[in-house]
There are 2 protein chains.
Amino acid sequence: MTHAERADLRLTPVRRRVLEILLESHAAMGAYDILARLKADGLGDQPPVVYRALSYLVEHGLAHRIERLNAFVACARPEDAHDPAFMICRTCRSVHESTVATPLDHAARASGFEIERTVIEAEGLCPACQEPAP
Amino acid sequence: MTHAERADLRLTPVRRRVLEILLESHAAMGAYDILARLKADGLGDQPPVVYRALSYLVEHGLAHRIERLNAFVACARPEDAHDPAFMICRTCRSVHESTVATPLDHAARASGFEIERTVIEAEGLCPACQEPAP
DNA sequence: TACGCAGTGATATGTTATAACACTTCTGGG
DNA sequence: CCCAGAAGTGTTATAACATATCACTGCGTA
Ligand SMILES: [Zn+2]
Ligand SMILES: [Zn+2]
Ligand SMILES: [Zn+2]
Ligand SMILES: [Zn+2]
């Protein structure tokens with residue numbers, strides 16, 4: 001059973017539409033970009049509308065927040081909970097999701113720090129944007 | 001020779017004061033918190049003042065930006081260039097800087113992505129904030 | 001002097017995010 | 001059915017973070 005099929009998931013119209021918008025985009029989207037799309041669909045035009053929907057989707061593992069971009073992306077593997085890792089193209093803003101062992105485990109144990117979540121976001125050029133020198 | 005001693009470093013009064021403020025704080029500070037301190041010192045009271053100084057310090061390796069917090073912290077090891085990794089306490093906002101091998105190297109090579117920089121920020125509880133259950 | 005450059009001052013604006021409160025809809029227990 | 005609480009939404013306002021732009025100053029140098 002995937003996350004998306006869980007009985008306690010409440011995908012209301014706004015939440016469903018936000019998830020669809022993210023799934024269609026194949027790239028990270030800012031909250032206000034999403035809001036503009038919602039507004040066009042008559043589903044709300046104030047910031048809290050989109051932020052509430054995004055919070056819900058992120059909490060339930062259907063979307064992730066990209067800290068580097070202050071933006072959001074649909075989860076590539078909503079089946080199971082995970083700390084995501086991303087490779088973000090600085091040119092086309094495309095995002096590739098991946099998974100990775102938390103690299104700070106050792107340092108955390110050594111210093112007594114208790115890690116709850118780790119943000120891992122690599123930035124660079126995706127294959128398509130690596131132009132041959134002009 | 002440390003970064004801070006490099007001849008081409010131009011630590012103007014505003015830049016120097018911002019660095020001092022960061023060094024005194026032992027925690028991540030928002031740009032507007034820093035700006036309030038600058039204003040108290042008569043060194044400028046408009047956002048561009050502090051953002052220009054912070055950009056300079058970050059570019060020259062004397063400070064880092066914490067993406068998770070949209071905030072800034074003095075570099076713990078300005079001697080040499082590095083991709084920093086952080087452990088951030090969600091309670092007291094203290095930041096511990098560390099270094100770590102880039103964990104996405106393998107995935108990047110496999111997919112042809114060219115990594116330029118990697119953000120690694122763990123969030124959790126520092127030793128001091130791990131209260132015994134009340 | 002004239003020029004170019006780095007830094008700064010100042011104004012305005014753009015972008016991202018949340019607080020607060022009212023109202024509606026859903027849901028379970030009596 | 002009726003009610004009470006929980007969850008969701010509408011709406012207004014504001015907080016917090018960041019940049020564009022243009023003018024001006026001081027300084028090194030041709
Ligand atoms: Zn995911
Ligand atoms: Zn690209
Ligand atoms: Zn550092
Ligand atoms: Zn702490």
Side-chain angles (χ1 to χ4, degrees), chain A residues 6-19 21-22 25 27-60 62-73 88 90 93 95 119 121 123, chain B residues 6-19 21-22 25 27-60 62-73 88 90 93 95 119 121 123:
Chain A
R6 287 174 42 146
D8 63 345
L9 241 212
R10 302 180 60 82
L11 273 193
T12 62
V14 174
R15 292 172 185 167
R16 176 177 300 280
R17 187 68 192 115
V18 169
L19 181 55
I21 289 167
L22 289 176
S25 94
M29 291 187 76
Y32 282 73
D33 296 334
I34 297 167
L35 181 56
R37 304 279 304 274
L38 281 183
K39 183 174 182 173
D41 297 341
L43 281 172
D45 62 348
Q46 297 303 320
V49 171
V50 69
Y51 279 102
R52 287 195 283 234
L54 287 167
S55 298
Y56 185 89
L57 295 174
V58 168
E59 276 165 16
H60 291 77
L62 300 174
H64 300 293
R65 177 182 167 80
I66 311 284
E67 301 295 341
R68 182 69 180 85
L69 301 174
N70 294 331
F72 300 83
V73 70
I88 306 162
R90 67 169 154 80
R93 209 170 150 120
V95 172
V119 172
E121 299 176 1
E123 191 178 2
Chain B
R6 288 174 42 149
D8 62 346
L9 242 213
R10 303 180 60 81
L11 274 192
T12 61
V14 174
R15 293 172 185 167
R16 176 177 300 280
R17 187 68 192 114
V18 169
L19 182 55
I21 289 167
L22 288 177
S25 93
M29 292 187 74
Y32 281 70
D33 296 334
I34 297 168
L35 182 56
R37 304 279 305 271
L38 281 183
K39 184 174 183 175
D41 297 342
L43 282 172
D45 64 346
Q46 296 303 319
V49 172
V50 69
Y51 280 103
R52 286 192 285 232
L54 286 168
S55 297
Y56 185 90
L57 295 175
V58 168
E59 276 166 14
H60 291 76
L62 300 175
H64 299 294
R65 176 182 168 79
I66 311 284
E67 301 294 342
R68 183 67 181 85
L69 302 174
N70 294 331
F72 299 84
V73 70
I88 306 162
R90 68 170 153 79
R93 213 170 146 120
V95 173
V119 172
E121 299 175 1
E123 190 178 3

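In this text the structure is predicted, and so the values were computed from the model without any measurement.
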Undergrad: How long is the line joining CG of B:L57 and P of C:dG7, in whole Å?
TA: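 Spelled out: CG on B:L57 to P on C:dG7 is 12 Å.
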Undergrad: Calculate the interatomic distance between A:L43 atom CG and D:dT11 atom P; express it in whole Å.
TA: 13 Å
Undergrad: Tell me the closest heavy-atom pair linking A:R16 and A:L11, and the distance in Å.
TA: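 Smallest interatomic distance, heavy atoms only, reads NH2-CB, 3.8 Å.
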Undergrad: With no hydrogens and no angle check, is any side-chain donor or acceptor of A:R93 less than 3.5 Å from a backbone partner on A:A28?
TA: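 Pair found, side chain donor or acceptor close to backbone of A:A28.
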Undergrad: Hey, does the side chain of A:Y56 reach the backbone of A:R10 with a donor-acceptor pair shorter than 3.5 angstrom?
TA: yes
Undergrad: Flag the pair A:L62 / A:L9 as yes when at least one side-chain heavy-atom distance between them is below 4.5 Å, and no otherwise.
TA: yes
Undergrad: For the side chain of A:R90 and the backbone of A:E123, is there at least one donor-acceptor N/O pair under 3.5 Å apart?
TA: no
Undergrad: Identify the heavy atoms of A:L54 and A:A31 that sit nearest to each other, and give their distance.
TA: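 Heavy atoms only, the tightest pair is CD1-CB, 4.0 Å.
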Undergrad: Report the distance from atom CE of B:M29 to atom P of D:dA18, rounded to the nearest whole Å.
TA: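 About 14 Å, once rounded to whole Å.
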Undergrad: Indicate yes or no: at least one non-hydrogen side-chain atom of B:R52 is less than 4.5 angstrom from one of B:R15.
TA: no
Undergrad: Do you know which two heavy atoms are closest between B:G44 and B:L35, and how far apart they sit?
TA: O-CD1, 3.8 Å
Undergrad: Looking at side-chain heavy atoms only, is the closest gap between A:L38 and A:I21 below 4.5 Å?
TA: yes
Undergrad: Using a cutoff of under 3.5 Å, can you pull out all pairs of nitrogen or oxygen atoms linking the protein to nucleotides 13-19 of chain C, with atom names and distances?
TA:
residue : atom : partner : partner atom : Å
C:dA17  : OP1  : A:R65   : NH1          : 2.9
C:dA17  : OP1  : A:R65   : NH2          : 2.4
C:dA17  : OP2  : A:Y51   : OH           : 3.0
C:dA17  : O5'  : A:Y51   : OH           : 3.3
C:dA17  : N7   : A:Y32   : OH           : 2.5
C:dA17  : N6   : A:Y32   : OH           : 3.3

Undergrad: May I have the distance from A:L35 (atom CG) to D:dG10 (atom P), rounded to whole angstrom?
TA: 12 Å
Undergrad: For nucleotides 26-28 of chain C, list the nitrogen or oxygen atoms of the protein found under 3.5 Å from its nitrogen or oxygen atoms, one pair per line.
TA:
none

Undergrad: In this structure, how many angstroms lie between the P atom of D:dA7 and the NE2 atom of A:H60, rounded?
TA: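 Computing the A:H60:NE2 to D:dA7:P distance gives 11 Å.
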Undergrad: Does C:dA6 have its OP1 or OP2 closer than 4.0 Å to a side-chain nitrogen or oxygen of B:T12?
TA: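 So the side chain of B:T12 is outside the cut-off, no N or O lying under 4.0 Å from OP1 or OP2 of C:dA6.
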Undergrad: Between B:L54 (CG) and C:dG7 (P), how many Å, whole number?
TA: 15 Å
Undergrad: When every nucleotide of nucleotides 22-27 of chain D is labelled 5' to 3' by its protein contacts under 4.0 Å (heavy atoms), B for base, S for sugar-phosphate only, - for none, what sequence of letters results?
TA: ------
Undergrad: Can you tell me the distance, in whole Å, between the OH atom of B:Y56 and the P atom of C:dA6?
TA: 11 Å
Undergrad: Expressed in angstrom and rounded to an integer, what is the separation of A:E67 atom CD from D:dA18 atom P?
TA: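 Result: 12 Å.
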Undergrad: Contact between A:I66 and A:F72 at the side-chain level, heavy atoms closer than 4.5 Å - yes or no?
TA: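 No, every pair of side-chain atoms sits at 4.5 Å or beyond.
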Undergrad: Ion pair present between B:E121 and B:R68, side-chain N to carboxylate O less than 4.0 angstrom?
TA: no
